[in-house]
Number of protein chains: 2
Amino acid sequence: MKIGELSKRTGVSVRMLRHYEELGLVRPQRTAAGYRTYGAGDIGTIKRVVLLNKAGLELRRLRHLIGCELGDNGMRTQLCAPLQSVLASKHAELARQISDLRKSYKMLSRLLAAQELSMPAPDRR
Amino acid sequence: MKIGELSKRTGVSVRMLRHYEELGLVRPQRTAAGYRTYGAGDIGTIKRVVLLNKAGLELRRLRHLIGCELGDNGMRTQLCAPLQSVLASKHAELARQISDLRKSYKMLSRLLAAQELSMPAPDRR
DNA sequence: GTACGGTCTGACATGCATGTCAGAGTCAAG
DNA sequence: CTTGACTCTGACATGCATGTCAGACCGTAC
């Protein structure tokens, strides 16, 4: 598929898909005319990239995980040692992050609940 | 307390504490000489700011929540309507975000577990 | 008073993810 | 052919959180 379609299917902008390639996160083939051609597997790759990126892993770092090292099956093994430690600390950080987000979530929940209570009237048609 | 101390107590850089003030998130008093003077309550305020910011709320937006509107007790009520809707959508987004992070967390867990298995030997002194 | 550490303001700089625009080529449908 | 939608590259721009540096002041300890 071409880049536009992949963009629609993944929800990632064309701009970013090109950027991902620039960073080595995907390796689309090229048509004679130079158009990028993606395989079905790339959809999954892109989604993993987005997920891990949201988790706070910089795109640059993902390069060593996704694409070459992470196979289509999901994950291949053997990462270099420094990367492993980065991952390990990220993993720990993630746990903290999740608990932080939970706190924020609760804070917002309380705040919003308070709003409802103190609303003059729902007034929503 | 002065800014340096608050920085140590909250883990937020002096630079950022000043920035927070710039954005109206804290209102330290000033000594005759112009030094910022923070109260004990500001520690909590700063921590809430950090938490909500980590949750993806921009500092600018927090201005309407923290400081004036969020009392020392944790939260005061009555936010303006547009802000409420921002918050509500952020709240929903947060739920999604948390579940995403869980996925990432699991992905990393699996990856790291695989590493251990395929390690030549722990070799850790 | 001298010095040293903390502070002040203001500006410049950086990293990262993203958007947008321009100029040129591609391609399928009519 | 011609047109319109899509793509390509490359550059410029933005938003946000942050860092760093300079030049000047404040204050306490000696």
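Each chain gets a letter, A, B and so on, in the order its sequence line appears, and its residues count up from 1. All heavy atoms count here, side chains included; hydrogens, waters and symmetry mates do not.
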### Message
Is it the case that the side chain of B:K90 and the backbone of B:G56 share a donor-acceptor pair, with hydrogens and angles ignored and the cut-off at 3.5 Å?
### Response
yes
### Query
Between A:K8 and A:R30, which has a closest nucleotide on DNA chain D that is more 5'?
A:K8
### Query
salt bridge (charged side-chain N to carboxylate O under 4.0 Å, His left out) with A:R15: which residues, sequence neighbours excluded?
none
Nucleotide N/O of nucleotides 28-30 of chain C paired with protein N/O under 3.5 Å:
none

### Query
Rounded to whole angstrom units, what separation is found between the CG atom of B:L6 and the P atom of C:dG6?
16 Å
### Query
Could you state the CE-P distance from B:M1 to C:dG6, rounded to the nearest angstrom?
17 Å
#### Entry: Listed partners of A:R30 passing salt bridge (charged side-chain N to carboxylate O under 4.0 Å, His left out), at least two apart
A:E21
### Task
Identify, with sequence neighbours excluded, every residue that meets salt bridge (charged side-chain N to carboxylate O under 4.0 Å, His left out) alongside A:K47.
none
### Query
Going by the ring-ring contact (aromatic ring centres under 6.0 Å, His included) test, which pairs reach into residues 94-114 of chain B, not counting sequence neighbours?
A:H91-B:Y105
### Query
Looking only at side-chain N and O atoms, does B:R36 come under 4.0 Å of OP1 or OP2 in C:dT7?
no
### Query
Does the pair B:E93/B:R96 count as a salt bridge with the N-to-O cut at 4.0 Å?
no
### Summary
To the nearest angstrom, the CD-P distance between A:E58 and C:dG15 comes to 11 Å
## Note on the structure
Atom CG of A:L23 and atom C1' of C:dG15 are separated, to the nearest Å, by 13 Å
### Query
Can you check the B:E22 CD to D:dC16 P distance for me, whole Å?
13 Å
### Query
How does protein reach along nucleotides 18-28 of chain D, written 5' to 3' as B (base within reach of a heavy atom under 4.0 Å), S (only sugar-phosphate), or - (no contact)?
BBB-----BS-
